[in-house]
Amino acid sequence: MKYSGYHGRFGGAFIPEILVPTFDELEAAYLEAKADPAFWQEYEQLMSTYSCRATPITYAENLTKYFGGAQIYIKREDLNHTGAHKANNVMGQGLLTKRMGKKRVIAETGAGQHGVATATMAAKFGFDCTIYMGAVDVARQRPNVFWMEQMGATVVAVEDGSATLKDAINEAFRDWVTNMDDTHYVLGTACGPYPFPDMVSWLQSIIGKEAREQMLERTGQLPSRCYACVGGGSNAMGLFGGFFEDESVQLVGVEAGGHGRGIGQHAVRLAYDDATVGVAQGYKTYFLQNTDGQMQETHSVSAGLDYVGVSPILAALHESKRVRFEAATDAEVVEAMQLTVRKEGLIPALETSHGFAQAFKEAPEMSKDEIILINQSGRADKDIFTVADAIDDPKWKEFIIRKAEEYKRA
Amino acid sequence: MKYSGYHGRFGGAFIPEILVPTFDELEAAYLEAKADPAFWQEYEQLMSTYSCRATPITYAENLTKYFGGAQIYIKREDLNHTGAHKANNVMGQGLLTKRMGKKRVIAETGAGQHGVATATMAAKFGFDCTIYMGAVDVARQRPNVFWMEQMGATVVAVEDGSATLKDAINEAFRDWVTNMDDTHYVLGTACGPYPFPDMVSWLQSIIGKEAREQMLERTGQLPSRCYACVGGGSNAMGLFGGFFEDESVQLVGVEAGGHGRGIGQHAVRLAYDDATVGVAQGYKTYFLQNTDGQMQETHSVSAGLDYVGVSPILAALHESKRVRFEAATDAEVVEAMQLTVRKEGLIPALETSHGFAQAFKEAPEMSKDEIILINQSGRADKDIFTVADAIDDPKWKEFIIRKAEEYKRA
Amino acid sequence: MLKSYIRARRQQKDLLLMTHIVLGYPNFDDSLRVVEQMVEAGVDLMELQIPFSEPMADGPVILHANAEAIKAGATVDKSLEIAEQITRRFDIPFLFMTYFNILYARGVDKFVDEMKSIGIQGAIVPDLPPEEGEEYLAAMKRNALSPIHIYTPNTPDARMRQLSDQSDGFIYTVARKGVTGKDTQFSDELGDYLARCRASTDLPLALGFGVKSKADMDFIRGHADIAVVGSETIRVMEREGVEAVKGFIQTLVA
Amino acid sequence: MLKSYIRARRQQKDLLLMTHIVLGYPNFDDSLRVVEQMVEAGVDLMELQIPFSEPMADGPVILHANAEAIKAGATVDKSLEIAEQITRRFDIPFLFMTYFNILYARGVDKFVDEMKSIGIQGAIVPDLPPEEGEEYLAAMKRNALSPIHIYTPNTPDARMRQLSDQSDGFIYTVARKGVTGKDTQFSDELGDYLARCRASTDLPLALGFGVKSKADMDFIRGHADIAVVGSETIRVMEREGVEAVKGFIQTLVA
Ligand SMILES: Cc1ncc(COP(=O)(O)O)c(C=O)c1O
Ligand SMILES: Cc1ncc(COP(=O)(O)O)c(C=O)c1O
């Protein structure tokens, strides 16, 4: 590869030898696309006709009044086709896949959002598609599996390891080392070996580019703080990407605080001290691991943030202090989601709601002249099973039990 | 009221005397808003910052190739906030409610889409909100009820009559005749007493206005045919509204053919001969009724089209032959939905898929120079229970049964 | 003529009583028996409601009765038939109450002509404002039947006069907003409203919605000519059986 | 020195055999017993895999073994301890196979120094391309240990030479794309590939991925110096028990 893919001491490409030519090819395609204005144009065109870019910015008037501090604006990635920012990355990689002449895509998925987005892209581009998903996630995210299958994708339930996202990533790599000739691996976040973190961040930067322009046009000023949840880091990198040069803009990444501090209780790689630097899944970053370097179980109410590693670019931005990292606990997150639903009629995904939770902690202390911008990375209505469980809704349970009786009778 | 609200021999306002002043007030507010360019501006502004108007037009390249006839374009109302065109009407009526100084909204809902949209609007505008929903629908559409309740709406299960949409409408009127002073009834489709059919069609015409401009810009020509599903008729009126003056554009409304001809088997008011003219729910149109004038049971795989009446404006356009009406059966609709998902990665709602099914019947016979435009009124992912049942997916059933076991154990 | 009957009757009584039943609920035999009880108890006139599948202006009790009657097989033909038996047997005025689609489906002229021929004296069609009622009003006039319209607390004076012009027999004034069968607070405000009604028409006034006790009757006395008892008799019948209706009515008129 | 050992051994045998185990699977005692069986059966050198939670380049069999070993309590300390016992007891060269994070977590220098001190002669780290391996390669060199790199069918000639420059002991050539433990078609194409490998390096060649029968061994003979049997011995052990391993190996080298 032309570049090493390091950001500070993080990143790199720790890949099996057999993938070296594949990564060479991918890096070349990525760098070429990046240098070619026609690519970005085609990408924007696709996103504005197939999804609804530019996604709007919504002024959250009720929440602003409720907290009585900074003015709250929301970047609406939830309005994307398939319901999350994942669509940006996926459609961009779809164009790259076409450029590389490949005919098949594979992807990992945790919550299922990235799987649905990839299956959708594959249907649109006419690619074969296999999605790897931890067996635990397949069991709890059936609605997403259902749609992936409807799109024509093969969904493989990964039984190994903890049978969740990281295992799905390993399994996707195993597929790739066998089928790299005709297959592109559509990694779903700003993690993994170079050039993935850079490429995914670049594709997602469409969020921040739009947002910066929209904020200036709407309010005539830049936000004081931008908030985004951080799983792998792609939606955060996407939003922040529009504001790195603006020193006045504080960038805040919010990780999954789960039940609180202590390894196994959360998925906080940067805001807490439980993670250490390591190398896994092809890249160097902070991981939630033990002293031997074995990855540990993580926990979050939101499947999409429930991951052991984090974007190496964000790890570097953490060290350089350009981005501040915070954590929101499961309880705070569910509360923030419910408040947002009730006050604004917006349904942020549980992942997304981490960003809202942190913003809500800070907004009241800020001045009314200040503006904060939250990235609504996705909508929660596809995750109704998870949300209903998080809220512990008795009527929902009754409904499911009755529905099950119906199915058993039939 | 200033106008009688007739379109040909259809329409009118057959309302209880107690609502006469309320309708006077509503008509005045509607006519004033319609005459005031600032209203439409505010409406467009709201829809472009809270929802994602203008919604894009997607070229369905794969379907076009598959059928080998007319070029197929799709207007993407599914990308609206809350997932359907219902948002247009609801947000517009929200603005009118504010203008009239009312503090509470009520609505009927069948599938739940309009209920979710209204609850969302109420959260956004800070209105109290009660949604009437047939008990049968409450039982089968729990996900939508869940979200309405999360938004802070009260959902009332209507046990009377057939406990479906028409009974919910009756019940909403019963609420209204009690609480008209502070309450606006947000009727969900282009039906009901004048000015509702006109007002809802006007608000939904944002679809057709955008679409006409977008088609000219994209293709330099007008579509030969426009397709929309017809429940009450609001999304059809919305799309068609952009093309009434264009005589070359055939307008095709597609009703719910259910199991096929024969009263009780379908919800076809215009394309079949089973319906007759009558007066109910405050307006005169074709109804599926017996010779006594009692409304009859209807059937459709899609709750949103499963209704005894139809927009009086469409009834008039049927008689004047400006709009052609067709029916698609349940089986055709499910097939059209699955094909669209697989070929384009788009997930049309079951309602919506009626329009697709008819377009697919006609596209192959049309020339490659011709263009057809289908209104994708909504997305199906919120209706996963219905869709999974329509497809009879065994894995889904297993999932629900397992989930129910979990809940029972807990 | 309905109006003159009411005027005459009012010479003898300071408050008349109009009651209401849903034809065919729970069945046509019981309908007949209830009418009998009511007439024996001294009711002055009666509404016979022809059931409709979408009774938009009715509250839960009457709504339920409509649905059950249809479920039990009540048709418009049978309703007309029983109505004819009733008018033949009992010597008080009977009115139809129903929704417009029942008339429309049969043909408005035909329906009104049949009303005449079976001895019905007037009709209340709650979803038919006079603006939509041209054909109906003409047919009623032609048959010298009384079209009854409704005043409500939020009906402006001008419209009251307009409605009065299109009405005959009496004016049905509703005591409050809302559907049939809910409680009404009979208050001073109501008195003001009824004065307003009185000032706008020469026709007798019937007052309905929520009347259910002798106290209610006493309050109305002097304000209106006719008290209307609707849902409450259905409730009594459901709770205590057909035989209880007579006793209930008697407590009202005592 | 590994390379000279291999060269010397090749004077006596036309094909050497390298086997593989996952340390601690199913437990450390069994690991020791399997090594014993293998050595007794005539294995020439062995890979000892230190289990890692994310064995990205391994197929289902080895992956499962990794996970089970960790679940059963295998730590890096214990793996090093048992490795030391093994090198002390058995007189063939042993290599470590593991993923880079195991080295990185302990400190690369420290890990490599410990390898040396416990008598391990080299290492295969499949997720550490030489571009990322500076510190590791230096430590290996300082300790005179053999860093083994991998050739694959899609490795270009130039990169083969580059990898060879960074390697010592031998080159691990994989017979096909994919992960460990899947079938390989041993074909003419494979012969061409191995000729290309041979031309690019002076080091001995080991051929791995999918070797599981005497027929496979016969095919390899003449093309490579060492045959590698990985997943298949784990399968034999899982199916027939630890004691069966010796017999299986004997059928290969017969
Ligand atoms: C809606 C949403 N937001 C955020 C994330 C987290 O990913 P990332 O940190 O890459 O944005 C996910 C992952 O599934 C998601 O679905
Ligand atoms: C997605 C969608 N399309 C269409 C309809 C039918 O309504 P209308 O005919 O008013 O567009 C509904 C009603 O719920 C709907 O949800």
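Note that these values count all heavy atoms, side chains included, but never hydrogens, waters or copies made by symmetry.
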Tell me, for [X] versus chain C, whether the close heavy atoms (under 4.5 Å) come from the side chain, the backbone, both or neither.
| X | value |
| --- | --- |
| Glu171(B) | side chain |
| Asp160(B) | side chain |
| Tyr6(B) | side chain |
| Gln289(B) | side chain |
| Val308(B) | neither |
| Asn290(B) | neither |

- Task: May I ask you to check whether Tyr286(B) and Phe10(B) place their ring centres under 6.0 Å from each other?
- Result: yes

- Could you grab the distance from atom CG of Leu207(C) to atom OH of Tyr172(C), nearest 0.5 Å is fine? 8.5 Å

- NE2 (His184(B)) and CD (Gln93(B)) are apart, to the nearest 0.5 Å, by 4.0 Å

[X] versus chain B, the contacting section by heavy-atom distance below 4.5 Å:
| X | answer |
| --- | --- |
| Leu103(C) | neither |
| Glu54(C) | both |
| Tyr99(C) | neither |

- Item | Aromatic plane relationship, Phe23(B) with Phe173(B) - under 30° parallel, 30 to 60° tilted, over 60° perpendicular | parallel

- Can you name the nearest heavy-atom pair linking Pro126(C) to Met97(C), along with the distance? CG-CE, 3.6 Å

- Message: Between Asp77(C) and Arg106(C), does the salt bridge (Lys or Arg N to Asp or Glu O under 4.0 Å) criterion hold? Intermediate values first, please.
- Response: CA-CA 10 Å; Asp77(C) 279 345; Arg106(C) 206 170 181 87; 2.7 Å; yes

- Do you know which of Pro21(B), Ser4(B), Gly161(B), Pro193(B) has the most heavy-atom pairs with chain C at a distance under 4.5 angstrom? Pro21(B)

